[in-house]
Amino acid sequence: MGGHQVISVKLLPSHSGWRLDRALADAVPTLSRERLKALIRSGSLQSMASVAVRDPATKVRGNEAFQLTVPEPTPAHNVPQDIPLRIVFEDEHLLVVDKPAGLVVHPAAGNADGTLVNALLHHCGGSLSGIGGVARPGIVHRIDKDTSGLLVVAKTDVAHEGLAKQFAAHSIDRRYLAIVKGRPKTSEGTVDAPLARSSTNRKKISIVEGGRGKRAVTHWRRLEFLRDAALVECRLETGRTHQVRVHMASLGHPLLGDPVYGRSAKSSSELLKRLNFHRQALHAAELGFVHPVTKNRLSFASGMPADMQELFTALLV
């Protein structure tokens, strides 16, 4: 359809009773809820009977199907920048990047350039999926600025849609390495606690109750005891903002170096300062998914980065 991308959306029974915009945001995670509200109000959402649905607040049954027409993004103002990237896989449809800590994924307030998107625009010569919009071409998911590790990026809209469906179905294999404060008494566990932006601090994410927030599930296992700390693997069933950081803090084991969700003991603080380690000790170490075009299963692993390895070694019992 010239100048537009048409996305087929099928809601799940679990969406029953939700607002339409919220259900769509859950089903199409590549588009923000605000963007979806604007599209709905503009008449871009149609039922399967080709009737425009224009009220974002409509309550859904949970089994509806829609066609969402997304206008082709306007030319991005993002400037291609020659920023070194570690590409671990690339073909004509997608690429997998091993992101260093300190690199912001996409432009936003306070980070207009110098981002992963700027680097990708230079590397790909502008060939990135437009479904993510002007600010986030190619971005299907993201990891925090000060988290290192693996990230998949879509070069085509077909790849973007296919990957987004896998993220929505929670079928992407994502495993993080974290160095946490304290020594978990059990060897493994699961945190199933919904998350939403804090009502008192918009920069923080909180565990919420009463049907608020989005479901968030983290499966963790202790890999090694360290001195007043532990190395933990966290497998994400869902991928919410700050999920690992909030969930591990809720267990009383915040990530070492995390400036938002946990304070380190004095001994740890002194070590972090001595090592010049100024970020949460979190690394996206494994990423696995089905290639949306070839249908081959792809799996990637990234070793612990040097700064986190130095911290780990210093904490060995």
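Start at 1 with the first residue, then count along the sequence.
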Can you tell me if Lys273 has over 12 outside heavy atoms packed within less than 6.0 Å of its NZ?
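Not buried by this count: 12 neighbours or fewer within 6.0 Å.
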
Please report, to 0.1 Å, the donor-acceptor pairs under 3.5 Å made by any side chain of residues 148-159, with sequence neighbours excluded.
from	atom 1	to	atom 2	distance (Å)
Ser148	OG	Arg279	NH2	3.4
Ser148	OG	His283	ND1	2.7
Lys155	NZ	Glu90	OE2	2.9
Lys155	NZ	Asp91	O	2.9
Thr156	OG1	Ala159	N	3.2
Asp157	OD1	Ser129	OG	2.8
Asp157	OD1	Gly130	N	3.1

For [X] versus [Y], what's the shortest heavy-atom pair and its separation?
X      : Y      : result
Pro71  : Leu39  : CD-CD2, 3.6 Å
His15  : Asp26  : NE2-OD2, 2.9 Å
Gly43  : Ala52  : O-CB, 4.2 Å
Val53  : Leu20  : CG1-CD2, 3.6 Å
Arg183 : Leu226 : NE-O, 3.1 Å
Arg222 : Thr186 : NH1-O, 3.0 Å

With no hydrogens and no angle check, is any side-chain donor or acceptor of [X] less than 3.5 Å from a backbone partner on [Y]?
X      : Y      : answer
Lys181 : Gly257 : no
Glu233 : Arg175 : no
Ser127 : Cys124 : no
Gln280 : Pro259 : no
Thr115 : Val117 : yes
Ser206 : Val208 : no
Arg227 : Ala314 : yes

Audit row: Ile207, Val246, side chain to side chain contact (heavy atoms under 4.5 Å, CB included) steps and yes/no
CA-CA 8 Å; Ile207 292 175; Val246 176; 3.9 Å; yes

Same cluster or not: [X] versus [Y], using hydrophobic residues (I, L, V, M, F, W, Y) connected whenever any side-chain heavy atoms lie under 4.5 Å apart?
X      : Y      : result
Phe300 : Met304 : no
Val293 : Leu287 : no
Ile179 : Leu316 : yes
Leu272 : Leu275 : yes
Val217 : Phe167 : no

To the nearest 0.5 Å, what is the distance between [atom1] on [X] and [atom2] on [Y]?
X      : Y      : atom1 : atom2 : result
Gln46  : Met48  : CD    : CE    : 10.0 Å
Thr190 : Arg221 : OG1   : CZ    : 12.5 Å
Leu177 : Phe312 : CG    : CZ    : 9.5 Å
Phe289 : Arg297 : CZ    : CZ    : 8.5 Å
Gln5   : Glu161 : CD    : CD    : 5.0 Å
Ser14  : Asn63  : OG    : CG    : 11.5 Å

State which residues pass side chain to side chain contact (heavy atoms under 4.5 Å, CB included) with Arg22; sequence neighbours excluded, sorted by chain then number.
Trp18, Arg19, Arg33

Side chains of [X] and [Y] in contact at under 4.5 Å (non-hydrogen atoms):
X      : Y      : value
Val140 : His160 : yes
Val96  : Leu298 : no
Leu36  : Leu68  : yes
Arg197 : Ile205 : yes
Arg41  : Pro56  : yes
Leu282 : Asp146 : no
Leu315 : Glu224 : no
Leu236 : Thr218 : yes

Checking side chain to side chain contact (heavy atoms under 4.5 Å, CB included) for the pair His123/Leu95: CA distance, chi angles, key distance, verdict?
CA-CA 11 Å; His123 175 80; Leu95 68 160; 4.1 Å; yes

Which of Asp21, Val28, Val70 passes side-chain contact (heavy atoms from CB on, under 4.5 Å) with Arg35? Answer is Val70

Taking it one step at a time, do Ser47 and Glu64 satisfy side chain to side chain donor-acceptor pair (under 3.5 Å)?
CA-CA 8 Å; Ser47 68; Glu64 298 95 325; over 6 Å; no

Any idea how His93 and His291 line up, ring-wise: parallel (<30°), tilted (30 to 60°), or perpendicular (>60°)?
perpendicular

Candidate pair Arg245 and Asp144, rule side chain to side chain contact (heavy atoms under 4.5 Å, CB included), full reasoning:
CA-CA 10 Å; Arg245 298 165 65 186; Asp144 295 337; 3.0 Å; yes

Please lay out, stage by stage, how Phe89 and Leu94 fare under the test side chain to side chain contact (heavy atoms under 4.5 Å, CB included).
CA-CA 8 Å; Phe89 174 84; Leu94 56 85; 3.5 Å; yes

Mind jotting down which residue pairs meet the ring-ring contact (aromatic ring centres under 6.0 Å, His included) criterion with at least one end in residues 199-256? Sequence neighbours excluded, please.
His242-Tyr261

